[in-house]
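One structure below.
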Amino acid sequence: MTATLLRTAADLHARARTGRRAVVMTMGALHEGHATLIRAARKIAGPEGEVVVTVFVNPLQFGAGEDLDRYPRTLDADVDLAGKSGADAVFAPSVDEVYPGGEPQVRISAGPMGERLEGTSRPGHFDGMLTVVAKLLHLTRPDVALYGQKDAQQLALIRRMVRDLNFGVEIVGVPTVREEDGLALSSRNRYLSPAERRTALALSQALFAGRDRHAAQEALRARAHEVPASRARAEALSAIGESRAAADAHAVATTAGGPAAIRAAARLVLDEAARLDPPLRLDYLALVDPSDFTEIGDGFTGEAVLAVAARVGATRLIDNIPLTFGTFGDAP
């Protein structure tokens, strides 16, 4: 399949529309993670619909000293990959097309949620991101827009903007795509030297360590629920010969672990990576509620996100995994 390259909104609007239009927004330098988004968009749009991929390196979301000038620009390869992945068109506007007359005076504010984590590290980043997403949603006029879950805070803010400001578009998150060794796919991975890439693996390894700790805690919690906490419980445990195992499970599930243990398991991996050559320089590690990106505490139930950001050499990388708390309810 060959994708049509479009440079102006007028050209995009002139296309005949049948069925649903699904849009995948990118800054170019497409890789398999983007291809996965495009294939998911193709499935949603169906054979009668249309998939549009946007390629635009947005200057508003790059701060002073960030990598705007060196951000990879590979449009010909992007159009080829987009078409092979199922896109009908690639919309690659110029800065003047998106921001006629210069930088916009009116912008979208990300609010308090945009000041946490990535917002603390990159002031103004999310205001610029939401502003361009709002503009591209208006320019492309999709029925559905797809974004990767690797940028979890970005996805959460886009969903919040669409809901709070009544955008008439469905937002779909697509799971993170990883290399075989666990490294999350990113256009910035190409900046890494072989040694830096080995150090960068600590991001995903830390998340997996936290995930494993969480899984163990949930398993212990389930184990503790097998028999009620009472005299009858002790008698029942004794009768089946599992008093020590079940009692240990109950003790761990009720008195140890929790979010702090998950953070500690992940932090241990990151601390070890800080001693590598080259070292990993941690920006943040957080276990947050995706509805507002505040840290969760003991007793939290529902969906959460374990997120990390760090620098290796001159390259800043982010990653995250989703976790679910309270699958088995509170321990007795």
task: Using the side chain to side chain contact (heavy atoms under 4.5 Å, CB included) rule, take Leu12 and Val52 through it: C-alpha gap first, then chi angles, then the decisive distance, then the call.
output: CA-CA 9 Å; Leu12 180 59; Val52 176; 4.2 Å; yes

Closest heavy-atom contact between [X] and [Y]?
X      : Y      : answer
Leu280 : Ala202 : CD1-CB, 3.9 Å
Gly28  : Ser187 : O-OG, 3.5 Å
Pro290 : Val305 : CB-CG2, 4.0 Å
Phe56  : Ser94  : CE1-O, 3.7 Å
Pro93  : Val55  : CD-O, 3.7 Å

Are [X] and [Y] ion-paired here, with the side-chain N under 4.0 Å from a carboxylate O?
X      : Y      : answer
Asp319 : Arg178 : yes
Glu50  : Arg15  : yes
Glu295 : Arg263 : yes
Asp283 : Arg122 : no
Glu97  : Lys135 : no

Could you check whether [Y] and [X], counting side-chain N and O atoms only, form a donor-acceptor pair closer than 3.5 Å?
X      : Y      : answer
Glu196 : Tyr191 : no
Thr324 : Glu303 : yes
Ser291 : Asp289 : yes

task: Carefully, step by step, assess Arg20 and Glu48 under the rule side chain to side chain contact (heavy atoms under 4.5 Å, CB included).
output: CA-CA 8 Å; Arg20 305 181 79 195; Glu48 302 302 320; over 6 Å; no

query: Does Lys150 offer a backbone N or O that forms a donor-acceptor pair with the side chain of Thr176 under 3.5 Å?
result: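 Yes, the answer is positive, given that a donor and an acceptor are paired below the 3.5 Å cut-off.
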
- request: Decide whether Leu37 and Met27 are clustered together by the hydrophobic rule: side chain heavy atoms of Ile, Leu, Val, Met, Phe, Trp, Tyr closer than 4.5 Å, transitively.
  value: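 No; tracing contacts between hydrophobic side chains, which count when under 4.5 Å, never links both residues.
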
In this structure, are over 12 heavy atoms from other groups packed under 6.0 Å from [X] atom [atom1]?
X      : atom1 : answer
Arg159 : CZ    : yes
Asp164 : CG    : yes
Arg197 : CZ    : yes

task: Assign the ring pair Tyr71 / Phe62 to parallel, tilted or perpendicular, where the plane angle (0 to 90°) is split at 30° and 60°.
output: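 Because their plane-to-plane angle is over 60°, the rings of Tyr71 and Phe62 count as perpendicular.
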
- request: Given side chain to side chain contact (heavy atoms under 4.5 Å, CB included), test Leu60 with Tyr99 step by step and report yes or no.
  value: CA-CA 10 Å; Leu60 295 191; Tyr99 301 122; 3.3 Å; yes

message: side chain to side chain contact (heavy atoms under 4.5 Å, CB included) for Glu118 and Phe293? Distances and angles first, verdict last.
response: CA-CA 10 Å; Glu118 285 296 291; Phe293 270 71; over 6 Å; no

message: A side-chain contact here means heavy atoms from C-beta on lying under 4.5 Å apart; do Asp80 and Thr2 qualify?
response: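 No - every pair of side-chain heavy atoms lies 4.5 Å or more apart.
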
